[in-house]
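Let me begin by presenting the structure, written as structure tokens, before commenting on it.
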Amino acid sequence: MYFFPEPQDAFKIVGRNYASHILGGKSGNETAYRALQRALLKNTPVLKMKNSEGGRAALKAFAELVKRLNITEADLEWYRTATLEDVETRWSLFLFMWKLKKTFPQTVHFANRLAKNSIMCRHLWDSGDRAAAIQMVSDLPWAHMNTMQWYLSVLRTNERDLPEEWHLPSRVMSLFAITQMAVLEGLELGSPADRSWDVYELMAARHPDTGQLAAICYFLERTKAATNIETNVEFDKAAFGCVQNPETWHREIKAYRAGKSIPSHQTCLIINSNMITHMSKRSAEELYYLASAACFCQKAFDRLQKTRDLTLEPISLFDDFQEFRGMPKEALWETSSTKNSLDPAMTP
């Protein structure tokens, strides 16, 4: 419904594998990797994974990953004493790392409740209580935005289940809401004003000739601005030199900037890595997150453009993000205190 069922569904947008993200790939612990892949494929509840040897290996590998994070003893104790509610979804497991590494507890709580409420909404929809499911979507604080009004309209007017891609706009909107919560919490924590990029600028980036999303172009511009490199030719050589085919890289980079081609997520991360020596440590860290955010947004926009018979203009999804700017944290928090008392079966 209105949120990605699992982290792997969001990772797929940029062609990444969630199991590899958690476990570091198949080569490090093949038993755990294969067990987690099976669990993701079969939607195995997290707590049931410990009933098999492979599942226990996957959970142990995750626990070892947590230990390797640069966290305080107090945060580690929080992880050890986490309640059943804290680990109810695989989004919770994914968000543990966020909480422990970035210490944004309010945003983590918000995202976890959003994921669990969306599971509840899907249960209602699948059980045939579609009016209740639609009401849950209508109660979202951002339900008034154009994208969500479109989504509510197609839910109400289509008796059959929607094509999977038609749920993507509402799911991305929920990620946008989490992003806004992180922005607001960051401001409370004294987030620096002179950051290397701005999320509102990213969402508002447009190609002047087409009006389409220019997230990758924005990423390249902000990365170049964080260096002392003056020309695009010098920047491209430093950023892409070991990534692209030497015979075609000028043409490929030109296509990236024009929005005619999208680099892979791995390519965006390599660009960030190649430019570390040309910028401050803080800029490199901030632009690492921009590399992922820009790639996700551009690929989501591209997927919506290619979705057959979609009646939503894809750019409206990113236009709507500007409305989050004026939404106070209290309004977003309404999502965390759902009016529904239904306690759905625990699913990953």
Side-chain angles (χ1 to χ4, degrees), residues 1-13 43 88-91 110-181 203 213 296-297 299-324 326-327 331-348:
M1 298 294 287
Y2 61 80
F3 195 46
F4 291 100
E6 300 181 22
Q8 67 166 341
D9 298 306
F11 276 56
K12 287 177 182 177
I13 299 292
N43 292 324
E88 189 168 346
T89 72
R90 272 198 281 267
W91 273 103
F110 173 74
N112 188 38
R113 290 304 307 171
L114 186 63
K116 291 171 69 176
N117 290 348
S118 184
I119 289 173
M120 185 187 303
C121 188
R122 286 197 300 276
H123 277 298
L124 290 170
W125 184 268
D126 293 340
S127 67
D129 194 352
R130 298 195 167 185
I134 290 173
Q135 186 60 51
M136 284 194 72
V137 179
S138 300
D139 288 341
L140 291 170
W142 52 93
H144 65 283
M145 297 183 187
N146 291 336
T147 298
M148 297 306 295
Q149 286 296 303
W150 166 84
Y151 185 59
L152 284 164
S153 176
V154 296
L155 288 178
R156 291 172 177 137
T157 57
N158 287 268
E159 295 183 1
R160 298 180 179 180
D161 288 341
L162 297 173
E164 184 65 19
E165 297 292 357
W166 285 48
H167 296 288
L168 181 58
S170 68
R171 292 172 178 176
V172 173
M173 284 292 288
S174 292
L175 284 181
F176 286 175
I178 294 171
T179 300
Q180 177 65 7
M181 180 62 78
M203 299 301 179
L213 187 70
F296 176 88
C297 289
K299 286 184 176 288
F301 177 77
D302 183 65
R303 181 171 293 190
L304 290 174
Q305 280 192 309
K306 294 177 179 177
T307 298
R308 184 177 179 181
D309 299 328
L310 187 72
T311 56
L312 173 74
E313 179 57 46
I315 198 64
S316 67
L317 172 63
F318 300 91
D319 289 341
D320 280 348
F321 185 80
Q322 301 303 319
E323 286 198 49
F324 278 111
M327 186 176 291
L332 290 171
W333 269 121
E334 293 177 11
T335 307
S336 300
S337 54
T338 178
K339 301 173 185 177
N340 295 276
S341 59
L342 177 65
D343 185 15
M346 190 163 55
T347 53

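Taking every heavy atom of both residues into account, P169 and T147 meet most closely at CB-CG2, 3.7 Å. The two residues I178 and A111 make their nearest non-hydrogen contact at CD1-CB, 3.6 Å. The two atoms that bring L332 and F110 nearest to each other are O-CE1, 3.1 Å, heavy atoms only. Smallest separation of non-hydrogen atoms from M136 and L124: SD-CD1, 3.7 Å. C121 approaches A133 most closely through the heavy-atom pair SG-O, 3.4 Å.
Listed by chain and residue number, Y18, H21, F94 satisfy the ring pair (Phe, Tyr, Trp, His ring centres under 6.0 Å) test with F11 (two or more places apart in sequence, or in another chain). Not counting sequence neighbours, Q149 has no partner by the side chain to side chain donor-acceptor pair (under 3.5 Å) test. Residues satisfying the salt bridge (Lys or Arg N to Asp or Glu O under 4.0 Å) criterion with E323, sequence neighbours excluded, are absent altogether. Applying the salt bridge (Lys or Arg N to Asp or Glu O under 4.0 Å) criterion to R156, with sequence neighbours excluded, gives no partner residue. In this view, F321 and F176, Y200, F324 satisfy the ring pair (Phe, Tyr, Trp, His ring centres under 6.0 Å) rule, not counting sequence neighbours. Applying the side chain to side chain contact (heavy atoms under 4.5 Å, CB included) rule to N158 yields the partners V154, L162; only residues at least two apart in sequence or on another chain are considered. Considering only residues two or more places apart in sequence or on other chains, D319 meets the salt bridge (Lys or Arg N to Asp or Glu O under 4.0 Å) condition with R206. Not a single side chain to side chain donor-acceptor pair (under 3.5 Å) links R303 to another residue, sequence neighbours left out. Residues satisfying the side chain to side chain donor-acceptor pair (under 3.5 Å) test with S170, not counting sequence neighbours, are none.
Taking CD1 from I13 and CD from Q8, the interatomic distance works out to 12.0 Å, rounded to the nearest 0.5 Å. Atom CG of residue L168 and atom CE of residue M173 lie 12.0 Å apart, to the nearest 0.5 angstrom. M327 CE to M181 CE: the interatomic distance, rounded to the nearest 0.5 Å, is 10.5 Å.
D302 has its side chain within reach of Q305: a pair of non-hydrogen atoms, C-beta onward, lies under 4.5 Å apart. Using a 4.5 Å cut-off on side-chain heavy atoms (C-beta onward), W142 and S174 make contact. Using a 4.5 Å cut-off on side-chain heavy atoms (C-beta onward), W91 and I119 make no contact. For the pair L155/M1, a side-chain contact is recorded, criterion being any heavy-atom separation below 4.5 Å from C-beta on. Counting only heavy atoms from C-beta outward, the side chains of E165 and L310 never approach each other to under 4.5 Å. With a 4.5 Å cut-off on side-chain heavy atoms, V172 and L304 do not count as touching.
Here salt bridge (Lys or Arg N to Asp or Glu O under 4.0 Å) pairs that include residues 170-180, with residues two or more places apart or in two chains, are E164-R171.
In this structure a side-chain-to-backbone donor-acceptor pair under 3.5 Å is present from D9 to E6. Between the side chain of S138 and the backbone N or O of I134 there is at least one donor-acceptor pair closer than 3.5 Å.
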Side chains of residues 311-318: which donor-acceptor pairs under 3.5 Å do they make with residues two or more places apart or in other chains?
{"residue": "T311", "atom": "OG1", "partner": "W150", "partner atom": "NE1", "Å": "2.7"}
{"residue": "S316", "atom": "OG", "partner": "E313", "partner atom": "O", "Å": "2.7"}

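H167 pairs with exactly one of F4, W125, Y2, Y151 by the ring-ring contact (aromatic ring centres under 6.0 Å, His included) rule, that one being Y151.
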